[in-house]
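Per chain, numbering begins at 1; letters A, B, ... match sequence-line order. Model, not experiment: these values are computed from the prediction.
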Number of protein chains: 2
Amino acid sequence: MDTAERLLALLGLLQHRWHWSADELAERLEVTTRTVRRDVARLRIYGYPVEAFAGHGGGYQLGRGAALPPLLLDDDETMAVAFGLGVVGVAATSGVAGVDDAAVSALGKIEQLLPLRLRSRLDDLDAATVVPFRDQRALPDRRIVMALAHAVSARRVTTFDYVDGRSATTRREVEPVRMVRLGHAWYLAAFDLGRDDWRTFRVDRIASIDVSDVRSSERSGPDPVELVSRVAPASAFEHRAVVAIAATPDEIRRLVSTAIADLGPGSTTGHGTRATIGTDDLEWLAGYLMGLPWPFEVLEPDALRRRIADRAGALAARHAPPV
Amino acid sequence: MDTAERLLALLGLLQHRWHWSADELAERLEVTTRTVRRDVARLRIYGYPVEAFAGHGGGYQLGRGAALPPLLLDDDETMAVAFGLGVVGVAATSGVAGVDDAAVSALGKIEQLLPLRLRSRLDDLDAATVVPFRDQRALPDRRIVMALAHAVSARRVTTFDYVDGRSATTRREVEPVRMVRLGHAWYLAAFDLGRDDWRTFRVDRIASIDVSDVRSSERSGPDPVELVSRVAPASAFEHRAVVAIAATPDEIRRLVSTAIADLGPGSTTGHGTRATIGTDDLEWLAGYLMGLPWPFEVLEPDALRRRIADRAGALAARHAPPV
DNA sequence: GATTCAACGGACTGATCCTGTCCGCAGAGG
DNA sequence: CCTCTGCGGACAGGATCAGTCCGTTGAATC
C-alpha cells in the first residue's frame, strides 16, 4: 500500500469509527506509529482537521474543517443518501430554490458512480416504498431522473418513449443538455436527433429510458432555461385549481412546498389566502387539501368542488354520532 | 502539491465535471500530462474505474466500480444530502428497516464533519421548510437527531432538557450510547450521570441540547435495544387510534409508512383493513387520515371520531352545490 | 502529586518513488 | 488518410518516504 492509498484509507478509517489510537491505525495500515503520525500531519496540511487526544484513552478523531472531506460511505449509508436525494429532488419536499437542483445534480453524480450491485438494491427500495402523499402522476420516477441527470452530465445520446400532450407515444433519440425545474415539474432540454431540432420534454412523461455509450456531439444551442420556459406552458398540467385557504401565506408556506402551490402576489383576501395549484390528478389534490390543517374552499374547478363535497359528505355521514 | 494531495484533487475534479482531457487536468494540477496518466493509472489500481476515450474530444471520466469512491460534494450538494437524510431518517418516509438507521448514522457522520458555515445554512433551510404532513409533535427536530447521532458516535457527555410523561421538565446530563427506533419514535439509550443509572429518552421530548467536549467514560451496560424495548411502552404515545380503512394492507403499505401505522396480523376484515396508529396530536391525525385516498372509519377514540365528523361536516357544508 | 499512557516531533539513513523528458504505438473521428 | 489524444516503456536525477531512536508534553488515573 503506497502513501496516497494509505492516506485515503486513513480518511476512511477516521470517518468509519469515532476514535482510533495510533497503534490501532498503525496495525490496520501496516505501518509504524511514526508513519501514522506523519500521515495525520499530512492530512492536516491538506486541510482536514484531525483532532488528537493524549493520555489514557487518547487517540485521533476527525473534526469539522473549512470544507467537507471526501465522504466515504458504506453500502447502507449510500442507500440512505441516494434514497434521501430522491425524496428531496424528485418528490420536491423542499420547495427551496436551489436545493432541488443540487439534489438532482448530486443524484446524477451518484448515478454515475453507483456500483451495479447497489443499483439493484436501490431499485428494490423504490419498489418497496412510496413517499406519502406525493402526486403519483406529476412526479417522475426517481430512476428516470437519475438516468437523465447522468445522461446530461456525461453527455450521452439517450433514447426514450415520450407521451405528448395528446397521449401519443413516440420513441425519441436525443442529446440531453440540461434539466430544469419549472413550477411543479421537471423538464428536460435536449436536441432531438429525429426531429433535428431543440425540444423540451416533461420528465414525468418519459419512460423506457436507455442511456447509450455514444457521447453527444458539440452543439451550441439556445439557453436551456429559456427554452423550457418558452415551451413549457404548452405542456402544462391538465387541471388548474384555485383554493381559498383560511391561513396566512407564511403559515401555508411552512407546510406546503412552493413546488406544489403558487400563492402569488396580492393573494391574501378577507377569507384567507388564494392558492393556485396545478395537477393532473384531481383525486390526489382532493386528498391533499383535506389533509391540510386549515379550513378551505375550492373556488374552481367545479369537478374538484364536487369531489370534496362527496368525500367530506361520506366521511361526515359515516362518523355521525349514533342517534 | 504532493502526490497524495494531487490524487485527491484528481478524484474531485473527475467527480466535478463529466469529462476532462489530460491537458486540462495537467494544467489544473500543475504537472505534465505524463504525470496525469500515471495518476490515473494509480487510481485504477486503487479500484476507481477511470474510463478513457481517445481521439477527438477524448478524455477521462469516472465510471462505476466495485465500491463508491470517496464522494466529494460541493456546498450545495452537501446541503441537499444532509437535508435529504434528515427527511428520510427523521421524518421516517422510508419505513424500510435499516434505511432509517443508516440515514441517521450518515447524519451523525456529516454532523461531525460539517463545516460551521454550512451548519448555519442547514439550520436556515430547516426553518424555511417543513416536510408536508409530518407529525410535528411525534417527530424530533433534525438538529436534535444530528446532535445526538454525533454525540453517540463521538461518545460525548451531553446535557439536555427532557420532558417526561408527566410534562415535568428536567435537565439531564448523560453519556449517550445508541439511538434506537421503536415503532413510531426514536429513543436514546444513555447513562444518566445525575441518576447514576441507565435511562432511555424519547428523542422528540429532548430540547436545548448541548454536546460537550468531555468524552464518555468506558462503561459496560445493558444492550441498548433491549433497554429501550423494555422501558419504551411506559412512555408511549398519548393517544392510540384504531381505524378501519377500505383498502388492502398492501395498498396501504404502499402509501403509509410502517413507522406510522401498525397494520398488525389478521387485521383484514370485511370492512377493509384495521390499522393502529399512535400519536400525540389528534388534530394532525385527523388531517392525515382525511388526506388518504380511501374511505375509512374511525373506531376509536371518540374524540378523533368527533373531530373527523366536524371537519368533514364543515367542508361538506361549504362545498355544497348552490340551491 | 506521582505514575502511566499516548501523542508529538526532531534527527538520521538508506531505500524508494516520483517527475519530467523523449519516444513510438494504438484507437477514434473527421 | 490525417490528426488528435490517450498509452506506456525507458531513463536519470532528485525529492520524499519509512523506520528507528529518543526526549518532551499533555491527560487521565490512582
Rounding to the nearest 10°, end axes of the helix from C:dG1-D:dC30 to C:dG30-D:dC1 built from five pairs each make an angle of 70°
Do the side chain of [X] and the main chain of [Y] share a donor and acceptor less than 3.5 angstrom apart?
X	Y	value
A:K109	A:V104	no
A:T35	A:V31	no
B:Q15	B:P70	yes
A:D164	A:A168	yes
B:R64	A:E111	yes
A:E27	A:E24	no

Whole angstrom value for the distance that separates [atom2] of [N] from [atom1] of [X]:
X	N	atom1	atom2	answer
B:H56	D:dC4	NE2	C1'	5 Å
A:L29	D:dA18	CG	C1'	13 Å
A:E51	C:dC8	CD	P	12 Å
A:L7	C:dC17	CG	P	15 Å
B:E5	D:dC17	CD	P	12 Å
A:Y60	D:dG26	OH	P	15 Å
A:W20	C:dA7	CH2	C1'	17 Å
B:Q61	D:dT5	CD	C1'	15 Å

Go through residues 31-43 of chain A and report each residue with a non-hydrogen atom lying under 4.0 Å from DNA chain C, sorted by number.
A:R34, A:R37
Between A:D2 and A:R44, the residue closer to the 5' end of DNA chain C by nearest nucleotide is A:R44
B:D204 and B:Y187: side chain donor to acceptor below 3.5 Å:
no
Assess the side chains of B:Y46 and A:D2: does a donor N or O sit below 3.5 Å from an acceptor N or O?
yes
Between A:T3 and D:dT16, is there a contact of a side-chain N or O with OP1 or OP2 at under 4.0 Å?
no
Go through the steps for B:R143 and B:D141 under the test salt bridge (charged side-chain N to carboxylate O under 4.0 Å, His left out), then give the verdict.
CA-CA 5 Å; B:R143 279 169 295 185; B:D141 188 318; 3.4 Å; yes
